[in-house]
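Working notes, structure below.
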Amino acid sequence: MKLFEDSFSYSNQLGQRQGAGVVYLNVFHPDIIAFLSTKKENADEKVRVKTLSLGVVVPDKFYELARKNEEMYLFSPYSVELEYGVPFNYIDITEKYDELVANPNIRKTKIKARDLETEISKLQQESGYPYVVNIDTANRANPVYGKIIMSNLCSEILQVQEPSLINDAQEFLQMGTDVSCNLGSTNVVNMMTSPDFGRSIRAMVRALTFVTDSSHIVAVPTIDHGNSLAHTFGLGAWGFIVTLPNNSSNTDHLSQLNSQASTLCL
């Protein structure tokens, strides 16, 4: 992560904005506590990451264990890949959890699920990180073949990723698919006063469709491949926070505006 952070700092968008990156980790990974600690304000400088974003991949099983106040097992990704022949990220933890626990060939450790949930919540209050991708929810809603395993810098993209197979000469035996972040944002305040909300959205969708249809990042062939197959984009929103003087009539108005904003987000 430190190497990634340093590498991104040397990249920029035509000198206008510094490069940025994100690392996602499954909550059932044995390094999850150390991973979260890299964003703490009092973290040792040897492990602290200052600009790199953090995200966690959360299967439904984690919420079930936390709700029941039970212990949870963290599984060695190496052991899992040896046993199942696929990377840890592609294992359905919710479906396979009991099987993984019972398998003596898979190394594992135990922690309290609620303790981990508390760590995540405290860090979000302290730093705004980690982003959270509820991976089972994402894959249930996924309309195309393949598995979503993570997201982008701000958890806006939910796109299928497949690993590549590369030989010793660094040639593709099988080209995988990676994510092309074709993103745009709406201004919530302006959108709620738009005389034709639908027309505004359709115009932005056409613009983002043109972007993804015109994007050919041949320098990174797996991204080019993923984009050519899916042509995905994200249309987000900013301007949710509404503040008004604190009196009863304004409080009612604030609740109404926030409700409208939440509906637009969905």
Side-chain angles (χ1 to χ4, degrees), residues 1-4 22-40 43-44 46-47 49 52 54-124 129-142 145-151 155 158-168 173-174 176-179 222:
M1 289 167 62
K2 298 282 280 187
L3 291 172
F4 273 130
V22 62
V23 175
Y24 278 88
L25 200 68
N26 195 294
V27 292
F28 288 94
H29 191 288
D31 292 337
I32 186 64
I33 298 297
F35 174 76
L36 295 172
S37 70
T38 62
K39 272 294 181 182
K40 291 183 176 179
D44 189 290
K46 290 182 179 179
V47 300
V49 293
L52 197 69
L54 300 189
V56 291
V57 175
V58 185
D60 289 348
K61 188 66 179 181
F62 172 71
Y63 295 119
E64 177 188 330
L65 296 171
R67 184 171 61 250
K68 295 178 179 178
N69 196 22
E70 294 181 358
E71 292 183 319
M72 63 181 287
Y73 283 87
L74 308 178
F75 305 105
S76 162
Y78 182 66
S79 298
V80 171
E81 186 162 356
L82 284 179
E83 194 71 10
Y84 288 89
V86 294
F88 182 61
N89 283 341
Y90 290 88
I91 296 293
D92 186 333
I93 297 292
T94 299
E95 177 186 344
K96 299 285 188 183
Y97 181 80
D98 292 334
E99 183 180 319
L100 293 168
V101 170
N103 191 333
N105 295 328
I106 294 177
R107 295 173 58 194
K108 55 190 78 77
T109 55
K110 283 195 299 186
I111 62 172
K112 291 283 288 185
R114 284 193 184 178
D115 288 347
L116 177 55
E117 176 62 27
T118 299
E119 283 296 308
I120 293 172
S121 300
K122 286 166 56 179
L123 186 60
Q124 285 181 326
Y129 294 105
Y131 297 115
V132 174
V133 173
N134 295 307
I135 203 67
D136 290 338
T137 301
N139 278 296
R140 279 193 295 269
N142 175 29
Y145 173 78
K147 186 176 178 65
I148 298 165
I149 61 168
M150 57 175 289
S151 185
S155 301
L158 295 172
Q159 184 177 324
V160 169
Q161 288 178 273
E162 295 178 337
S164 300
L165 293 178
I166 302 174
N167 63 18
D168 291 341
L173 299 177
Q174 178 181 322
T177 57
D178 281 319
V179 174
T222 54

Check your understanding: Would Asn89 and Tyr24 count as having a side-chain donor-acceptor pair, cut-off 3.5 Å?
Key ->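 Looking only at side-chain atoms, Tyr24 and Asn89 do not form any donor-acceptor pair under 3.5 Å.
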
Quick check for you: to the nearest 0.5 Å, what is the distance between [X] atom [atom1] and [Y] atom [atom2]?
X      : Y      : atom1 : atom2 : result
Leu116 : Leu74  : CG    : CG    : 7.5 Å
Asn134 : Ser151 : CG    : OG    : 11.5 Å
Asn139 : Asp60  : CG    : CG    : 10.5 Å
His29  : Phe88  : NE2   : CZ    : 6.5 Å
Thr222 : Glu162 : OG1   : CD    : 11.5 Å
Ser164 : Gln174 : OG    : CD    : 7.5 Å

Within-4.5 Å side-chain heavy-atom neighbours: [X] and [Y]:
X      : Y      : answer
Leu36  : Pro130 : yes
Leu100 : Tyr84  : yes
Met72  : Tyr97  : yes
Asn142 : Leu158 : no
Tyr90  : Pro163 : yes
Asp92  : Asp136 : yes
Val133 : Met150 : no
Lys147 : Val86  : no

Practice item. Output, in order, the C-alpha distance, side-chain angles, deciding distance and verdict of ring-ring contact (aromatic ring centres under 6.0 Å, His included) for Tyr131 and Tyr129. Key: CA-CA 5 Å; Tyr131 297 115; Tyr129 294 105; 5.5 Å; yes

Ignoring hydrogens, what is the shortest heavy-atom contact between [X] and [Y]? Give both atom names and the distance.
X      : Y      : answer
Pro77  : Pro30  : CD-CD, 3.8 Å
Val132 : Gln124 : CG2-NE2, 3.6 Å
Lys46  : Asp44  : N-OD1, 2.7 Å
Ile148 : Ala138 : CD1-O, 3.9 Å

Practice item. Any chance you could lay out the side-chain contact (heavy atoms from CB on, under 4.5 Å) test for Met1 and Phe35, step after step, and finish with the verdict? Key: CA-CA 9 Å; Met1 289 167 62; Phe35 174 76; 3.8 Å; yes

Exercise for review: Please test Phe4 against Val49 for side-chain contact (heavy atoms from CB on, under 4.5 Å), starting from the C-alpha separation and ending with a verdict.
Suggested key: CA-CA 10 Å; Phe4 273 130; Val49 293; over 6 Å; no

Practice item. Using a cut-off of 6.0 Å, state whether more than 12 heavy atoms not belonging to Leu3 lie near its atom CG. Key: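 No.
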
**Study point:** Sole candidate of Asn103, Asn105, Ile106 that passes side-chain contact (heavy atoms from CB on, under 4.5 Å) when paired with Ser79
**Key:**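 Going through Asn103, Asn105, Ile106 one by one, the side-chain contact (heavy atoms from CB on, under 4.5 Å) with Ser79 is satisfied by Ile106 alone.
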
Review point. Is it true that a side-chain atom of Lys61 and a backbone atom of Asp98 form a donor plus acceptor pair closer than 3.5 Å?
Key: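 Answer holds: no.
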
Point to revise | Contact list for residues 111-121, test salt bridge (charged side-chain N to carboxylate O under 4.0 Å, His left out), sequence neighbours left out | key: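 Listed once each, the pairs are Lys40-Glu119, Glu119-Lys122.
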
Review point. Can you list the steps and then say if Phe28 with Leu65 is a side-chain contact (heavy atoms from CB on, under 4.5 Å)?
Key: CA-CA 12 Å; Phe28 288 94; Leu65 296 171; 4.1 Å; yes

Review point. Is the Phe75 ring parallel, tilted or perpendicular to the Tyr73 ring (thresholds 30°, 60°)?
Key: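 Because their plane-to-plane angle is under 30°, the rings of Phe75 and Tyr73 count as parallel.
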
